[in-house]
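Read through the structure below, which is laid out as structure tokens, and then see the notes.
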Amino acid sequence: MASRTLHSRVHVIDHPLVQHKLTLMRKRETSSSAFRRLASEISGLLAYEVTRHHPLTPTRINTPMRPMTAFLLDGKKLVVISILRAGIAIADGIISAIPSARIGHIGLYRDRRTEMTVEYYFKAPRNMSDRTALVVDPMVATGHSAEAAIARVKSTSPKELVFICLIAAPEGVEYLHKYHPDVPIYCAAVDEGLDSSGYIVPGFGDAGDRIFGTK
Ligand code: URA
């Protein structure tokens, strides 16, 4: 699958199927159910690229013709950690592609008084040290919640950590690169920037509201 690399650690997946689905998501008139389905479909395609170098285990199997050694991906070694709430739609698509992946969640909010990111929920599988963590959210805007989520997941000592989103803002990419230069970011687009309210432009609006129909 085609991918474009901006920063050494930012991989923009520019495959036509990904770009087509992203365009449909961006359209104002796309319904909530279509938006949710497209988010899930693109995420499955991003998972394809993210797992490109994931190790395979040789396994003896029997085809109807004869025994052979074939290769299996150990999905249990992958943990998809969604940043609540919009990350759920991304996790859903990745899990459709890798059904045996483990699932974790992190809930964060921004305290308007202190400007600090506060964690209100965290659950991940045990034994993270032999797993690859895929931290997911549809958007990286300022990068603050992604940075906090990555820091929290790092505290569980995963073997490897990758961040997956659909659209990133350059500001968020820079912020993540500053605090977590070791973490690769896979996305479908890096947009122009942020507006004065912190929304990505042109983006696709509020991802959570569009996924869950809560506007
Ligand atoms: N979060 C969203 O849902 N949309 C944006 O544009 C930025 C952050």
Side-chain angles (χ1 to χ4, degrees), residues 6-7 10-14 18-46 80-94 105-122 134-153 162-180 183 185-215:
L6 297 179
H7 239 290
V10 182
H11 305 278
V12 180
I13 309 303
D14 56 7
V18 170
Q19 294 305 315
H20 175 86
K21 289 174 192 294
L22 182 64
T23 299
L24 297 180
M25 290 184 78
R26 289 185 189 275
K27 288 170 77 169
R28 182 204 291 258
E29 62 272 24
T30 296
S31 68
S32 184
S33 63
F35 189 91
R36 195 164 49 237
R37 177 178 48 75
L38 289 161
S40 172
E41 287 172 2
I42 297 186
S43 305
L45 295 170
L46 296 184
V80 186
I81 299 185
S82 63
I83 302 180
L84 298 173
R85 64 182 167 149
I88 289 172
I90 309 301
D92 181 60
I94 296 174
H105 296 92
I106 183 163
L108 301 162
Y109 70 91
R110 188 101 175 142
D111 184 318
R112 295 218 170 126
R113 199 172 42 82
T114 63
E115 289 292 310
M116 300 288 286
T117 302
V118 181
E119 178 187 314
Y120 65 87
Y121 184 78
F122 183 72
L134 312 179
V135 182
V136 304
D137 203 4
M139 313 196 95
V140 172
T142 61
H144 291 149
S145 51
E147 187 286 313
I150 290 170
R152 181 64 176 92
V153 175
V162 175
F163 191 87
I164 303 174
C165 63
L166 303 185
I167 304 180
E171 295 90 329
V173 168
E174 283 307 319
Y175 192 78
L176 285 189
H177 188 69
K178 178 171 165 201
Y179 288 97
H180 302 291
V183 174
I185 302 170
Y186 285 79
C187 61
V190 176
D191 271 5
E192 282 165 34
L194 300 177
D195 72 5
S196 56
S197 307
Y199 280 91
I200 297 178
V201 282
F204 47 43
D206 187 302
D209 280 345
R210 294 200 66 188
I211 289 165
F212 298 108
T214 46
K215 196 159 165 208

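In each ligand, atom 1 is the first atom listed, and ligand 1 is the first ligand listed.
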- prompt: Between T117 and R110, is there a donor-acceptor pair closer than 3.5 Å when you use the side chain of the first and the backbone of the second?
  reply: no
field: For G198, the ligand 1 atoms whose distance to one of its heavy atoms is below 4.0 Å
entry: 7 (C)
query: Is there a nitrogen or oxygen of A207 sitting under 3.5 Å from a nitrogen or oxygen of ligand 1?
result: yes
- prompt: For atom 6 (O) of ligand 1, what's the nearest protein heavy atom and its distance?
  reply: I200 N, 2.7 Å
- request: Report the distance from atom CG of D137 to atom CZ of F163, rounding to the nearest 0.5 Å.
  value: 5.0 Å
field: Separation of S43 OG from I164 CD1 (nearest 0.5 Å)
entry: 8.0 Å
message: So, regarding G208 and ligand 1 (criterion: nitrogen or oxygen to nitrogen or oxygen, under 3.5 Å), is there a contact or not?
response: no
message: One thing to verify: whether D209 and R85 come together as a salt bridge, which I'm taking to mean a side-chain N less than 4.0 angstrom from a carboxylate O.
response: yes
message: Can you name the atoms of ligand 1, numbered from 1 with element, that are less than 4.0 Å from a heavy atom of G205?
response: 2 (C), 3 (O), 4 (N), 5 (C), 6 (O)
query: Is the shortest distance from a heavy atom of A86 to ligand 1 less than 4.0 Å?
result: no
- line: When rounded to the nearest 0.5 Å, the distance separating CD1 of I106 from CD of E119 is 4.5 Å
field: Contact with ligand 1 for P138, non-hydrogen, under 4.0 angstrom
entry: no
- prompt: What is the closest protein heavy atom to atom 5 (C) of ligand 1, and at what distance does it sit?
  reply: M139 SD, 3.2 Å
Value rounded to 0.5 Å, distance of CG in L38 from NE2 in H20: 8.0 Å
- line: At under 4.0 Å between heavy atoms, what of A141 touches ligand 1? The answer is side chain
message: Measuring from atom CD of E147 to atom CZ of R152, what distance do you get when rounded to the nearest 0.5 angstrom?
response: 13.5 Å
